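Counting starts at 1 for both ligands and their atoms, in listed order. Fair warning: this is a prediction, and the values are worked out from it, not measured in the lab.
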Amino acid sequence: MNLLVIGKGGREHALVWKLRQSPRAGKVFCAPGNAGTAAEGATNVAIDHTETDKLNRFCAREQIGLVVIGPEDPLAAGLADYLRDKGFRVFGPSKEAARIEGSKVFAKELMRHADVPTADFQVFDHPGPARTYVETRDYPVVVKADGLAAGKGVVVCKDNTEAMQAVRRIMTEEEFGRTAGRKIVIEKKLDGEELSVLALVSGRTILPLPACQDHKAVNDGDKGPNTGGMGAYCPAPAATPKLMAEFERDVFVPVVHAMKRARYPFQGVLYAGMMLTNQGSRVLEFNARFGDPETQPVLMRLKTDLLDLLEAVADERLHEFENKVEWDPRPAVCVVLCSGGYPGKYDNGKEITGVAEADALPGVKVFHAGTKTDDKGRVVTDGGRVLGVTALGSDLAAAKARAYEAVKLIRFAGMHYRTDIADKALKVKPVAAPVEPPKLPAKFRRPGGDKPATS
Ligand code: AMP
Ligand code: GLY
């Protein structure tokens with residue numbers, strides 16, 4: 001069966017890599033793909049997901065038996081519906097169902113309706129009432145742009161001033177785009193450990209995958225701005241069997257059933273971003289797709305044929321796999337290597353070396369994300385998140401050690417990464433916060449600050 005994977009990230013390289021292991025996989029294409037998908041033996045196709053007509057003709061010409069859509073943008077734009085209408089088999093939710101990720105308002109109202117535990121919230125379509133709401137809260141809030149904003153439309157605020165600024169940036173200045181900022185959700189800020197809980201969903205069948213933990217902040221110790229994800233490990237020991245059963249009962253079942261009843265059934269991967277608070281688990285967000293980088297360690301551990309699984313989802317036969325999916329018992333750790341400056345501005349085109357040596361280590365797989373082959377045939381950086389170095393180990397500590405051993409072999413100018421992926425599960429203390437300078441006696445303090453004047 002010929003296959004087409006849509007996307008160009010680490011997630012898509014992992015999907016291509018795993019799909020190609022299926023004895024039933026014929027030619028595998030990736031649109032647009034990266035240097036890693038090409039090296040994997042897939043054919044990269046220079047068609048953008050918005051060029052739907054071209055994709056349709058491509059699928060017809062290459063007799064594509066299954067299209068797997070990786071990222072959220074094509075799902076939110078309705079690519080799955082379009083290709084299904086043309087008669088192709090697609091893994092991924094419809095445009096209506098993908099609103100669970102594409103619209104924070106939709107997701108929160110669905111959760112309220114289905115009685116799914118989530119942070120208290122209110123929806124606003126004007127900045128005035130939003131500001132009044134912020135002023136009357138006696139707890140810190142999170143302000144979320146309704147629409148997709150390349151993962152940047154969520155502002156976790158430490159106080160009211162920041163929340164007011166967030167309302168202005170999203171609604172008045174339309175920093176995340178006009179549509180994304182038309183409505184906002186303001187919700188209570190929660191504290192706790194985060195888990196990524198993904199499940200294959202088709203019809204009434206929900207098949208949870210082993211839970212992962214992502215690392216969103218750019219620096220060690222969860223410091224610095226949020227990114228798309230700096231690394232992940234799987235399984236996350238925090239997701240005990242009891243918690244997983246709770247997630248299924250209190251989150252996945254009510255949501256999947258509510259969507260089915262409302263006539264926009266979900267088909268694909270439903271990803272619940274959970275926070276384990278002192279008051280119990282709460283959903284922070286839903287995604288309508290595989291996580292990135294979560295997919296890399298998850299698929300490293302999957303033993304069952306991925307093509308069989310994805311096809312069963314698309315055909316609504318997923319129940320055939322209940323209690324039958326096989327996993328490598330070894331945990332996997334993925335460390336993401338980024339371009340200098342990411343998640344801010346960065347330059348592309350830096351030559352990458354050492355990937356083959358890293359890949360040759362036992363239990364290691366280097367997944368490409370922002371990479372391409374330049375006109376001299378060199379593999380160069382082409383994005384913020386460049387590589388996802390993923391390793392299996394006899395236990396989490398061994399997987400982490402092996403992943404970092406591989407990382408040490410790879411080089412490109414400006415490369416940076418976190419050194420503490422999986423430490424939370426290993427109960428390693430976070431790096432100590434920088435020591436505060438001692439407070440100076442009052443006579444040396446400047447009005448409004450306690451640092452001495454330097455000039
Ligand atoms: P979202 O796009 O909704 O997942 O938000 C991105 C990130 O923002 C999450 O992974 C959390 O780290 C953080 N976040 C979202 N909602 C909340 C909340 N209610 N309380 C604390 N952090 C949150
Ligand atoms: N790793 C977070 C995401 O895929 O959204």
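Ion pairing between a basic and an acidic side chain is recognised when a charged N comes within 4.0 Å of a carboxylate O; Glu193 and Lys424 show no such pairing. Remark: Glu40 does not engage Arg20 in a salt bridge, criterion side-chain N to carboxylate O under 4.0 Å. A salt bridge does not link Glu173 to Arg169: none of the charged side-chain nitrogens sits closer than 4.0 Å to a carboxylate oxygen. Electrostatic pairing of Asp222 and Arg418 counts as a salt bridge here, judged by a charged N lying under 4.0 Å from a carboxylate O. At a threshold of 4.0 Å, the pair Asp315-Arg89 counts as salt-bridged, since one of the basic side-chain nitrogens sits closer than that to a carboxylate oxygen. Between Arg249 and Glu246 there is no salt bridge, since no side-chain nitrogen of the basic residue lies less than 4.0 Å from a carboxylate oxygen of the acidic one. A salt bridge does not link Lys18 to Asp305: none of the charged side-chain nitrogens sits closer than 4.0 Å to a carboxylate oxygen. A salt bridge does not link Glu194 with Arg282: every distance from a Lys NZ or Arg NE/NH1/NH2 to an Asp or Glu carboxylate oxygen is 4.0 Å or more.
Ring geometry, Phe367 versus Trp17: the interplanar angle exceeds 60°, so the pair is classed perpendicular (tilted spans 30 to 60°).
Each of the following atoms of ligand 2 lies closer than 4.0 Å to a heavy atom of Gly228: 1 (N), 2 (C). Interface of Glu187 with ligand 1, defined as ligand atoms under 4.0 Å from a residue heavy atom, comprises 16 (N), 17 (C), 18 (C), 19 (N). Every atom of ligand 1 is numbered from 1 in the order shown, and the set under 4.0 Å from a heavy atom of Lys216 is 10 (O). The distance from ligand 1 to the heavy atoms of Lys144 drops below 4.0 Å at these ligand atoms: 3 (O), 15 (C), 16 (N). Close contacts between ligand 2 and Glu294 involve ligand atoms 1 (N), 2 (C), 4 (O) [criterion: under 4.0 Å to a heavy atom].
Nearest residue to atom 1 (N) of ligand 2 from Leu198, Asn226, Asp214 is Asp214 (criterion: closest heavy atom). Of the candidates Asn287, Asp292, Val336, it is Asp292 that places a heavy atom closest to atom 4 (O) of ligand 2.
Among the atoms of Leu190, some N or O lies under 3.5 angstrom from an N or O of ligand 1. Checked against a 3.5 angstrom limit, the closest N/O atoms of Arg289 and ligand 2 fall inside it. Ligand 1 has an N or O atom lying under 3.5 Å from an N or O atom of Lys188, backbone or side chain. The shortest N or O to N or O distance between Lys216 and ligand 2 is not under 3.5 Å.
A centroid separation of less than 6.0 Å is found between the aromatic rings of Phe106 and Tyr264. Between Phe124 and Tyr133, the gap from one ring centroid to the other is short of 6.0 Å.
Taking 4.0 Å as the cut-off, Gly291 counts as a neighbour of ligand 2 on heavy-atom distance. For the pair Pro293 and ligand 2, a heavy-atom separation below 4.0 Å is found. Heavy-atom separations between Lys104 and ligand 1 include at least one value shorter than 4.0 Å. Residue contact annotation: Tyr271 has a non-hydrogen atom under 4.0 Å from ligand 2. Ser196 does not count as a contact of ligand 2, since none of its heavy atoms falls under 4.0 Å from the ligand. Heavy atoms of Arg11 stay at 4.0 angstrom or farther from ligand 2.
Residue-level proximity to ligand 1 for Leu284 is carried by backbone and side chain together, each with a heavy atom below 4.0 angstrom.
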